[in-house]
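Below is one structure; the comments refer to it alone.
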Amino acid sequence: MSLESEAIQRAAAEFIHDRHRLGAFVNGLLRDAHVAEDVLQEVWVRLAAEVEKGTRLENQAAWCRGVARNLVRRHWEQQQSAKVVANSATLETFLDRMELAFAEVDDDPEDWVARQQALDECVATLPERSRQMLTLRYESRASMDEVARAMGQTFESVTKTLYRVRRALLECVERKLSRI
Amino acid sequence: MNTHRDELIHRWREGNLSEEELHRLNEALTTPEDRAAMRGEWFLEASLPEALRTSRLLKVAELPQMRKGKGWLNWRPLMAAAAALVIAGVSVWWMHGPTVAPSTAEDPAGAPRPPLAVVMQTINAEWKTMPFQPDDRVPAGVIALTKGIVRLQFMCGATVVIQGPAELDLKTEREAEVRSGLVTATVPPVAEGFTLLAAGWRAVDRGTVFGVDARSPEHAVVQVLEGRVDLHRTASSHIARSLTTGEGVRLSSAGGIEPAGDTTMKFPREMDIIDRAASAERKQFESWQQQRTSLTQDPSLVLYFDFEATDLARGVVRNLAPGATPGSDGSLIGGEWTQGRWPGKHAVAFQRAGDLVRVRLGATLEAATFVASVRLEPVAKATQTILLSPQVGPGQIYWMLAGRIPASPNGELVFIKTPEHGADIRLASRRGLAAEERGRWMQIAVVHDPSAHRVRHYLNGSLIEELPLDDATPLKLRQLVIGNWGFSSEPRNLVGRMDELAIFRRALDETEIRAFQTPP
């Protein structure tokens with residue numbers, strides 16, 4: 001595949017700019033960072049092939065979400081152990097809702113970047129122990145049991161603390177964004 | 001806050017939602033405000049790992065101020081733009097050379113700092129600061145050796161030989177401060193004006209080879225080996241003294257100059273270092289060749305490519321495993337022959353999407369060890385295949401570097417196998433390759449050990465991940481595709497070089513893997 005055409009360059013730049021938002025959409029649906037990365041990878045491959053064919057995409061972000069949604073659905077279909085019924089009407093409605101949720105911020109791609117910067121600042125102000133707990137859970141991908149053991153706390157205590165920290169971070173991000 | 005909605009969102013995230021609850025969640029997501037709440041949760045889920053990493057790199061005070069509008073300055077879009085340039089094939093300096101190590105090579109804005117010099121050779125170097133290897137780029141800052149010798153070439157063309165213990169502070173591409181130790185500079189005409197600072201003095205080259213001895217904290221000795229050097233006090237443009245071939249002076253930090261006699265002999269000479277480095281490489285190559293001669297007697301070896309025993313014209317890579325049939329030789333399709341780890345060592349360079357080596361191995365293995373010596377191009381790239389068995393079905397394997405989409409330079413080592421029943425088993429290391437590991441030769445290995453219920457990933461002889469394996473399906477290696485995944489429409493090809501590949505029908509232990517990595 002040639003990456004040298006101007007169209008590919010433009011598509012790649014836009015894809016990279018939007019990848020965190022698309023990543024959140026896919027990761028939110030799948031709840032598995034590894035599979036989500038594979039899906040993102042596949043979306044990129046398909047996007048590059050489409051652009052190479054000469055297709056002009058009116059709304060690349062929406063097109064990528066549509067492809068990602070189909071790939072997620074296919075993944076669920078292949079997974080016998082999926083905790084959702086892949087072909088249920090309820091699930092389709094849920095996918096519609098979430099696609100809409102992300103389409104609602106298509107007009108302001110910078111908002112996502114601003115959120116990430118705000119989150120960086122908010123995380124930096126957390127107490128060390130909260131950061132350690134988040135690191136175990138979100139970077140090392142430890143289970144709640146493993147986090148509890150590592151932190152010397154009960155499962156319930158870790159669950160509550162993580163819930164509180166997440167809420168605090170979300171509120172902090174909203175506060176910072178409202179001040180811009 | 002909508003507790004009912006948030007509880008359902010939380011339960012979706014944890015994977016505990018029944019269809020009835022999903023229905024209720026749908027009903028709770030009918031307004032933009034509700035959907036924004038869900039989006040916020042998913043944003044947090046996806047963005048926290050990176051925010052945690054960022055928080056370790058940056059103090060809050062150092063974060064750029066947030067401004068909105070056209071002039072909004074933010075390092076993330078800058079990084080994204082930089083990554084876009086890389087994948088788009090735009091010629092930027094760090095695309096073609098090895099990347100610099102992230103701990104010193106990135107400024108707080110996340111952008112790589114430009115290199116001031118390249119490491120040409122190292123001999124028995126032990127580092128007090130972050131270690132560098134030949135071909136690494138060195139940005140501004142202090143490098144310190146506790147022992148050994150390093151030869152650097154500055155971007156202006158001047159080279160310096162540093163003999164440890166020593167500290168050198170790289171300031172610009174034509175200026176460095178010798179804080180301690182012995183340094184010899186060789187300056188071609190194009191780099192005239194190259195300057196070494198020491199003890200409050202500047203030694204400015206005027207077409208020369210000269211040395212600086214800063215082993216004493218009180219003074220420095222400047223010795224001209226060939227040509228001429230002008231000496232200035234640091235803050236002055238006035239030439240205090242000019243030295244020519246054979247002249248040496250002792251400079252005190254208080255400003256004194258006194259003759260030091262001819263101290264030429266104590267300075268390391270560039271050609272000596274080049275010869276010694278070449279000799280060390282030859283010895284390593286010979287040592288590797290001897291070790292491999294005995295390795296090919298190992299009866300558990302089912303495939304061994306050293307990429308030396310080749311028929312270049314026909315693109316045949318010979319399988320040197322004991323008892324290997326000619327039918328199990330590899331066929332190079334595309335790709336190019338190039339230099340491996342040492343001068344004289346062959347390797348295959350995989351560059352284009354269709355480059356690969358195909359092998360008809362006809363083996364079924366229970367325990368297995370795969371070892372490869374590879375050098376990835378430093379450009380960030382998507383998933384890169386080391387090898388796979390292309391037959392779909394139980395026992396199929398796929399060993400790869402799970403590169404991410406182009407914006408992310410790192411990737412984990414991943415081994416995927418298809419079991420007799422159920423979905424593919426993906427066994428990935430949590431640690432990705434560091435930026436400085438691209439552009440360097442490295443040995444990667446994966447051990448499939450069903451009797452111990454383990455899969456182990458190794459990098460340069462060290463265990464980096466051990467994962468549980470609850471599946472004993474034998475690995476079916478009837479055919480193998482190396483350096484690609486056989487479907488040229490998707491860019492999962494290896495972009496880099498491979499100069500050795502071995503497959504054993506047993507689980508090698510850590511000592512054996514390490515011995516394989518480091519020839520005696």
Side-chain angles (χ1 to χ4, degrees), chain A residues 1 3-4 8-9 12-13 15-17 19-20 23-25 27-28 31 34 37 40-41 44-45 49 78-80 83-85 88 90-91 93-94 97-98 100-102 104-105 110 112-121 123-125 131 134-135 138-141 163 166 169-170 176 180, chain B residues 10 12-13 15-17 19 22-23 25-26 29-30 32 35-36 38-55 58-60 63-64 66-68 72 74 76-77 80-81 83-84 87-90 353 382-383 402 404-407 422-423 426 428 430 489-491:
Chain A
M1 183 176 69
L3 288 175
E4 290 171 9
I8 285 277
Q9 286 183 34
F15 185 80
I16 289 165
H17 193 66
R19 72 177 286 260
H20 289 98
F25 174 69
N27 191 55
R31 296 155 295 179
H34 280 307
E37 285 288 357
L40 273 185
Q41 170 79 45
W44 160 249
V45 166
Q78 287 167 349
Q79 297 294 305
Q80 299 298 318
K83 292 189 176 74
V84 288
V85 182
S88 77
T90 316
L91 190 59
T93 307
F94 178 68
R97 294 266 198 281
M98 291 321 297
L100 176 62
F102 280 76
E104 281 166 345
V105 286
E110 293 304 324
W112 202 263
V113 185
R115 271 176 196 282
Q116 283 172 323
Q117 195 183 0
L119 182 64
D120 290 345
E121 294 183 25
V123 167
T125 61
R131 249 204 322 262
L134 289 173
T135 300
Y138 293 97
E139 273 201 279
S140 306
R141 296 175 188 157
Y163 182 79
R166 286 175 63 99
L169 283 174
L170 281 171
K176 283 184 183 289
I180 296 174
Chain B
H10 173 72
W12 166 267
R13 204 178 60 239
N16 297 326
L17 214 56
E19 185 147 7
L22 185 60
H23 179 71
L25 178 57
N26 283 340
L29 294 176
T30 47
R35 290 191 289 272
M38 184 76 165
R39 201 170 52 231
E41 287 283 349
W42 286 15
F43 151 74
L44 199 58
E45 195 73 15
S47 303
L48 257 175
E50 188 171 328
L52 288 161
R53 280 194 291 275
T54 305
S55 79
L58 304 178
K59 291 177 188 163
V60 87
L63 285 165
M66 295 171 72
R67 287 186 286 119
K68 208 168 182 180
W72 202 69
N74 181 309
R76 282 183 202 272
I87 64 161
V90 175
T383 300
R404 300 310 184 194
I405 48 180
R426 189 178 195 276
R430 276 169 293 189
S489 62
E490 295 193 21

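Note on naming: letters A, B, ... go to the chains in the order of the sequence lines (proteins, then strands), and numbering restarts at 1 for each one. Every heavy atom of this structure was used, including side-chain atoms; hydrogens, water molecules and symmetry mates were not.
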Q | Pair R13(B)-R166(A), side chain to side chain contact (heavy atoms under 4.5 Å, CB included): steps then yes or no | A | CA-CA 13 Å; R13(B) 204 178 60 239; R166(A) 286 175 63 99; 3.1 Å; yes

Q: Select, from L119(A), L134(A), N27(A), the one with the greatest count of heavy-atom pairs under 4.5 Å involving chain B.
A: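 Counting heavy-atom pairs under 4.5 Å, the top option is L119(A).
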
Q) Quick one: ring-ring contact (aromatic ring centres under 6.0 Å, His included) partners of F94(A), sequence neighbours excluded? A)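 Once residues adjacent in sequence are excluded, the partners of F94(A) under the ring-ring contact (aromatic ring centres under 6.0 Å, His included) criterion are W12(B).
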
Q.
So for L25(B), is it side chain, backbone, both, or neither that comes closer than 4.5 Å to the heavy atoms of chain A?
A.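 The side chain, not the backbone.
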
For the atom pair [atom1] ([X]) and [atom2] ([Y]), what is the distance rounded to the nearest 0.5 Å?
X       : Y       : atom1 : atom2 : value
L170(A) : L44(B)  : CG    : CG    : 4.5 Å
L91(A)  : E19(B)  : CG    : CD    : 8.0 Å
L48(B)  : R131(A) : CG    : CZ    : 12.0 Å
Y138(A) : E45(B)  : OH    : CD    : 4.5 Å

Q.
The test is side chain to side chain contact (heavy atoms under 4.5 Å, CB included); show your working for Q116(A) and F43(B) and say whether it passes.
A. CA-CA 9 Å; Q116(A) 283 172 323; F43(B) 151 74; 3.7 Å; yes

Q. Does R35(B) have any salt bridge (charged side-chain N to carboxylate O under 4.0 Å, His left out) partners at least two apart in sequence or in another chain, and if so, which?
A.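 Result, salt bridge (charged side-chain N to carboxylate O under 4.0 Å, His left out) vs R35(B): E104(A).
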
Q | NE2/H10(B): more than 12 non-hydrogen atoms of other groups inside 6.0 Å | A |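 It does: H10(B) NE2 has more than 12 such atoms within range.
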
(Q) Minimum heavy-atom separation for A24(A) and A46(B), please, with both atom names. (A)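 Heavy atoms only, the tightest pair is CA-CB, 3.6 Å.
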
(Q) Would the distance check show the side chain of N26(B) and the main-chain N or O of R97(A) forming a donor-acceptor pair, the cut-off being under 3.5 Å? (A)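 Flag not set: sc N26(B) to bb R97(A) has no pair under 3.5 Å.
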
